[in-house]
Amino acid sequence: MAGETIHGHRFFIGFGGKGANQCVQAARMGAKTAMVCKVGRDVFGNDYIQNFKNNDISTGNSQTVLHWENAIVIVAVNAKVLVCQLEINPDTSLQALRMARENHVKTICNPAPAIADLCSDFYKVFDVFCCNESEAELLTGLSVTSVEDASQVGLELLNKGCGSVIVTLGPQGCVVCQSRNMAPKHIPTTAVTAADTTGAGDSFIGALAFYMAHYPTMPLEEMARRANLVAAMSVQTVGTQTSFPFQKDLPTELK
Ligand code: ADP
């Protein structure tokens with residue numbers, strides 16, 4: 001009831017923001033990463049930047065500002081891969097994606113948090129568009145409850161101009177759509193007992209960015225298969241960044 005004092009049994013502060021999570025996962029797998037962001041000039045902002053440093057993420061392009069803005073874009077440096085989300089003004093992400101394209105940097109767009117009226121230019125400026133079921137629904141207006149639905153929205157997103165599309169499906173893995181001329185491919189995953197699925201999608205995208213940067217000729221379906229398995233590791237432990245595996249935790253075939 002409003003105004004009522006209730007007892008909590010647990011209190012936990014964790015680092016987050018989709019861009020940050022994705023960057024941390026890529027860095028833990030061994031990618032050389034940099035974070036471009038603004039954080040508040042306060043204790044939270046300082047801790048936030050320190051957390052990047054603790055994860056070996058370059059923060060030279062991160063700014064501390066008086067008025068906090070949730071402006072986060074991540075880049076896997078030597079500028080091989082740029083990963084953008086919609087946590088910042090989409091125009092800023094669009095500009096970053098265009099600049100990356102012009103400089104032959106591979107791009108991943110994670111349209112989260114999703115917005116229904118995303119400008120049509122957006123769909124044409126990246127290599128891989130990676131979303132979950134609810135984001136796919138919001139962007140296309142189609143409901144996504146099965147592998148077949150995910151294949152359908154993947155094709156719909158390709159029609160909007162996307163290079164390739166990955167729709168993640170929780171314990172069902174993901175669907176990869178590469179072109180109108182190729183059938184969408186379901187990439188199943190190993191079912192695990194999930195302790196906490198928060199951040200699973202970010203673990204998946206961070207892993208995908210790592211594979212794109214380190215194995216540029218690897219087929220997208222194989223990258224997605226591996227990213228599935230990395231994300232499956234993350235859901236078996238409680239927490240978001242705290243659950244993301246390090247390179248040393250990965251079996252050799254996922255390194
Ligand atoms: P989000 O976290 O954005 O909602 P999903 O729930 O689709 O994204 O999960 C992202 C990825 O995490 C999935 O594609 C899958 O690879 C993995 N995953 C999520 N839940 C499980 C699970 N219970 N078992 C195995 N893998 C999972």
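It should be emphasised that the depicted structure is a prediction, and the values quoted were computed from it without experimental measurement. Numbering of ligands and ligand atoms starts at 1, following listing order.
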Problem set entry | Backbone N/O of K18 and side chain of E87: donor-acceptor pair under 3.5 Å | yes
For this session: Check each of G173, G201, A231 against atom 17 (C) of ligand 1 and report the one with the nearest heavy atom.
Result: A231
For this session: Find the distance between OG1 (T140) and CG (N159) and round it off to the nearest 0.5 Å.
Result: 11.0 Å
For this session: Output yes when R226 and E222 qualify as a salt bridge under the 4.0 Å nitrogen-oxygen rule, no when they do not.
Result: yes
Problem set entry | Residues which pass ring-ring contact (aromatic ring centres under 6.0 Å, His included) with H186, listed by chain and number, not counting sequence neighbours | none
Problem set entry | Heavy-atom nearest option to atom 15 (C) of ligand 1, drawn from A136, G170, A227 | G170
Exercise. Strictly under 4.0 Å, does any heavy atom of T190 approach an atom of ligand 1?
Worked result: yes
Exercise. Under 3.5 Å between some N or O of ligand 1 and some N or O of E133?
Worked result: no
Exercise. Is there at least one pair of N or O atoms, one from E135 and one from ligand 1, spaced under 3.5 Å apart?
Worked result: no
Seminar exercise, completed: In terms of its nearest heavy atom to atom 1 (P) of ligand 1, the top option of L229, N21, V192, N132 is N132
Exercise. Are F44 and Y48 near enough that their ring centres are under 6.0 Å apart?
Worked result: no
For this session: Look only at the side chain of N132 and the backbone of T168, and say whether a donor-acceptor pair between them is shorter than 3.5 Å.
Result: no
For this session: Considering only non-hydrogen protein atoms, determine which one is nearest to atom 9 (O) of ligand 1 and report residue, atom name and distance to 0.1 Å.
Result: A200 CB, 3.7 Å
Problem set entry | Enumerated ligand 1 atoms positioned under 4.0 Å from heavy atoms of P171 | 20 (N), 21 (C), 22 (C), 23 (N), 24 (N)
Exercise. Is the cationic atom of R28 (NZ for Lys, CZ for Arg) positioned less than 6.0 Å from the six-membered ring centroid of F244 and within 45 degrees of its normal?
Worked result: no
For this session: With heavy atoms of A232 as the reference, note each atom of ligand 1 found under 4.0 Å away.
Result: 25 (C), 26 (N)
For this session: Any atoms of ligand 1 less than 4.0 Å from a non-hydrogen atom of N228? List them with their elements.
Result: 14 (O), 15 (C), 16 (O)
